[in-house]
Amino acid sequence: MLKNNKRKDTMKDFVKMLLAVMAGMLIFSVIWVIMMFSFIGSIAALSSSDTPVIAKEGVLNMDLSNIVLSEQEQPFNFNGMFSKGTQPTSVGIWNAVQAVKMAAADPGIRFIYLRPDGISGGIAEIEEFRKALADFRLSGKAIVAFTENPSNASYYLASVADKVYVTGSKGGMNTLIGLSSQMYFLKDILDRLGVNMQLIRHGKYKSAGEMYIKSQISPENYEQNKVMISSIWNSWASQIATSRGIELSKFNELIDNLELNEPQDFVKYGLADDVLTREQRAQKLCTLYMTEDINAISFIPFEDYVAVKTTTPKFSTNQIAVIYADGEIVDGREVENVAGDRFAEIIASVREDDMVKAVVLRVSSPGGSVLASDKIRKELQLLKEKKPLIASYGNYAASGGYWISAGCDYIFSDATTLTGSIGVFSLIPDFGKTVKELAHVNVTSINSNKHSDMYSGMRALDKDEIAYQQKSVEHIYDEFTGIVAEGRDLRKTYVDSIAQGRVWTGADAIKIGLVDEIGGLEAALLKAANTVDGSESLDNFYIASYPAAQTTWEALLATFQGQSTPVIFAGTPLEAVEKAFRNVSTAQSGKAYARMENEYVIR
């Protein structure tokens, strides 16, 4: 009896302990959820704080290391919270340009103090921002630039200023040395791994996929990249030389001979006006502001000025919609790129909106899925039947990016935009040898039909399958050149001669009929307004942006859902190689792509 009572007591103790643990876990879970929601709410509140208060009068302080010039404003970067330093503010190029224009007319802004070091942004965005600064000077107000570490991009912006000053401190680094692009070829390492990449393409310049099947660059690919890089550099270098009043040949000579070593060299050769210490710089700013005390000057951060001046636009039933096709063109409804189904719905809704009188399609895309590109193009054609449709090209409008926009009524491009790339490719990886010889795994395919396993990734295509893939690629290329010929009112044979997958800069594309005019987003919007009612300004129009930028909550949700995969080798020469390996996916085997091979960042 005593033994049974002990057993009962032991069981009771066990049950009590189990219930206590369960209750503890429940309480902990509730507390954790509450804390997480509080934390996320705090982040959301932090990122959507009240509009900053700025001084009524002062100097517009453009410290470009504090901003990122982008196509549209981006939401709060949750991951950036945990990185070192202050997270830069995303500023859309349209708002940036408008803020500079407002500053020119604002009697409270005495001049601009430009610090371009650390500029982040795409090639075209930097080009459009520089033009806005050049227009600012037409107001009669000055721009004073100061640089410690001049780079290609930062000096390109600095050179627009009335005065350019360089640091008197030692240790600054000059990377104003011209443009360079490194291309990686993976055939040797793929051969070692036993991976056989089968590339089916049309276009002798269509280099997308070439990195997987060659050990070095093809002559055609080298030619197009050399011409492209030279065109971009010539565009920037010409503007720099003109702004500084020196010959272009002399400027290139300085770069080629590495003459710009010390800060004094910039002054010696006319690229800067003086070498200044911190105290001398403060004195220059005081003199221009007409004060003796630097503390009497209110320095208004540019990002705050943008937030105050551009966040409350007047609403109007006369609207021009800007549809931002920014990113890779992909299938489905993905938020972070130009997803075919999602964008088709957005375009359809804009078409049916009676308040929208005209549309500007802002393209900054290297292309991607042919299927998604054609869905978007067909919706745009329906929209064009009802409303004027003007294209504005940003950093890229290549391949699929050109596919969707070739039929627009008028096309604007920046001089440094990369466009064209009218070609098609399909990539089929074969991992059979890798699996057998490295992993020592044997694979047996059991098929219902003769070619059922052609996209399995476990064997090479036979000659009939290669012919089948090639026929598909040829059909799509023929369709692509037809779309361009019709949209641009060109002969199809001519389009074929300038196509072949070749990438052109905007400066060259205008010469061959792929674009109509060199100009940025503002020029495209003015064209749209003029097409609607002859307006010479945008005063009577509300500019509506599509798709709407992600809210903070949406960005946080995307972060927790892991939509963005971190790049392990980001910022190193191996970053491009890592991305190339990630792009090898059997799930996409045989899919047709209209995409440019590389994306370029100017530093």
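With salt bridges taken as basic N to acidic carboxylate O contacts below 4.0 Å, one links Asp162 and Arg137. The pair Arg244-Asp273 counts as a salt bridge, with a side-chain nitrogen and a carboxylate oxygen less than 4.0 angstrom apart. In this structure, Glu148 does not pair ionically with Arg278, as no charged nitrogen and carboxylate oxygen lie closer than 4.0 Å. Between Lys511 and Asp508 there is a salt bridge, since a side-chain N of the basic residue sits under 4.0 Å from a carboxylate O of the acidic one. Ionic pairing of Glu253 and Lys250 is present here: one or more N-O contacts between side-chain nitrogen and carboxylate oxygen are shorter than 4.0 angstrom. Here Lys527 does not pair with Glu517 in a salt bridge; the nearest charged N to carboxylate O distance is not below 4.0 Å. A salt bridge does not link Arg342 with Glu334: none of the charged nitrogens is closer than 4.0 Å to a carboxylate oxygen.
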Take Ile143 and Phe111, measure what side chain to side chain contact (heavy atoms under 4.5 Å, CB included) needs, and give me the verdict at the end.
CA-CA 6 Å; Ile143 300 177; Phe111 60 90; over 6 Å; no
Start with the C-alpha distance between Ser159 and Ser243, add both sets of side-chain angles, then the distance that settles side-chain hydrogen bond (donor to acceptor under 3.5 Å, both in side chains), and finish with yes or no.
CA-CA 6 Å; Ser159 65; Ser243 293; 4.6 Å; no
As a quick check of understanding, evaluate side chain to side chain contact (heavy atoms under 4.5 Å, CB included) for Asn318 and Tyr542, giving each step before the final call.
CA-CA 6 Å; Asn318 281 336; Tyr542 170 74; over 6 Å; no
Output, in order, the C-alpha distance, side-chain angles, deciding distance and verdict of side-chain hydrogen bond (donor to acceptor under 3.5 Å, both in side chains) for Glu73 and Ser90.
CA-CA 5 Å; Glu73 280 74 14; Ser90 171; over 6 Å; no
Pair Ile246, Leu271 - check side chain to side chain contact (heavy atoms under 4.5 Å, CB included), show working.
CA-CA 9 Å; Ile246 64 175; Leu271 297 180; 3.7 Å; yes
I'd like to know whether Ser545 forms a side chain to side chain contact (heavy atoms under 4.5 Å, CB included) with Gln72, so could you lay out the CA-CA distance, the side-chain angles of the two residues, the decisive distance to 0.1 Å, and finally the verdict.
CA-CA 9 Å; Ser545 298; Gln72 286 181 281; 3.9 Å; yes
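By the 30° and 60° cut-offs, the orientation of the rings of Tyr393 relative to Tyr402 is perpendicular. Trp233 and Phe251 have parallel rings, their planes meeting at less than 30° on a 0 to 90° scale where 60° marks the start of perpendicular.
Atom CD1 of Ile320 is separated from atom CG of Leu526 by 8.0 Å, given to the nearest 0.5 angstrom. Expressed to the nearest 0.5 Å, how far CD1 of Ile229 lies from OG of Ser180 amounts to 7.5 Å. Atoms CD1 and CD1, on Ile411 and Ile390 in that order, are 9.5 Å from each other to the nearest 0.5 Å. Taking CD1 from Ile119 and CZ from Arg130, the interatomic distance works out to 13.0 Å, rounded to the nearest 0.5 Å. Distance check, rounded to the nearest 0.5 Å: CE of Met290 to SG of Cys286 gives 12.0 Å. For the atom pair CD1 (Ile54) and CG (Asn61), the distance works out to 12.5 Å, reported to the nearest 0.5 Å.
For the pair Lys141 (side chain) and Phe136 (backbone), a donor-acceptor distance under 3.5 Å is absent. The backbone N or O of Thr147 lies less than 3.5 Å from no partner atom in the side chain of Asp117, so there is not a single donor-acceptor pair. Not a single donor-acceptor pair under 3.5 Å links the side chain of Ser154 to the backbone N or O of Pro150. Checking side-chain atoms of Thr277 against main-chain N and O of Gln280 turns up a donor-acceptor pair under 3.5 Å. A donor-acceptor pair is defined here as one N or O able to donate and one able to accept, closer than 3.5 Å; such a pair exists between the side chain of Asn337 and the backbone of Glu328. In this structure, the side chain of Thr310 engages the main chain of Val306 through a donor-acceptor pair within 3.5 Å. No side-chain donor-acceptor contact under 3.5 Å links Arg281 to the backbone of Leu276. Looking only at distances, no side-chain donor or acceptor of Asn257 sits under 3.5 Å from a matching main-chain atom of Glu259. At distances below 3.5 Å, at least one donor-acceptor pair connects side-chain atoms of Asp265 with backbone N or O atoms of Asn261. Distance alone, capped at 3.5 Å, is enough to place a donor-acceptor pair between the Asp63 side chain and the Ser65 backbone.
With contacts defined as side-chain heavy-atom distances shorter than 4.5 Å, the pair Glu536/Asn530 qualifies. Between Leu361 and Leu389 the shortest side-chain heavy-atom distance falls below 4.5 Å. Considering only heavy atoms from C-beta on, Phe412 stays 4.5 Å or farther from Ile518 through its side chain. Counting heavy atoms from C-beta on, the side chains of Ile255 and Leu176 come closer than 4.5 Å. Residues Leu60 and Tyr113 have side chains not in contact (no heavy-atom distance under 4.5 Å, counting atoms from C-beta outward). Residues Val350 and Tyr546 form a side-chain contact, since some pair of their non-hydrogen atoms from C-beta on lies under 4.5 Å apart. Within the 4.5 Å cutoff, side-chain heavy atoms of Ile232 are placed close to those of Ile123. Taking 4.5 Å as the limit, some side-chain heavy atom of Tyr156 sits within range of a side-chain heavy atom of Ile240.
A pairwise comparison of heavy atoms in Ser399 and Pro366 identifies CB-O, 3.9 Å as the closest pair. Taking every heavy atom of both residues into account, Ala397 and Thr417 meet most closely at N-CG2, 4.1 Å. Contact record, Pro547 with Phe343: CD-CZ, 3.8 Å, taken as the closest heavy-atom pair. Val100 approaches Met62 most closely through the heavy-atom pair CG2-CE, 3.7 Å. Closest heavy-atom contact between Thr419 and Ala509: CG2-CB, 3.6 Å. Considering all non-hydrogen atoms of both residues, Arg110 and Tyr289 come closest at NH2-O, 2.8 Å.
In this structure, Tyr222 places its OH atom where only 12 or fewer heavy-atom neighbours from other residues, nucleotides or ligands lie under 6.0 Å away.
Judged by the 6.0 Å and 45° rule, Arg362 forms no cation-pi pair with Tyr324.
The only option from Val97, Asn395, Leu521 that meets the side-chain contact (heavy atoms from CB on, under 4.5 Å) definition with Glu125 turns out to be Asn395.
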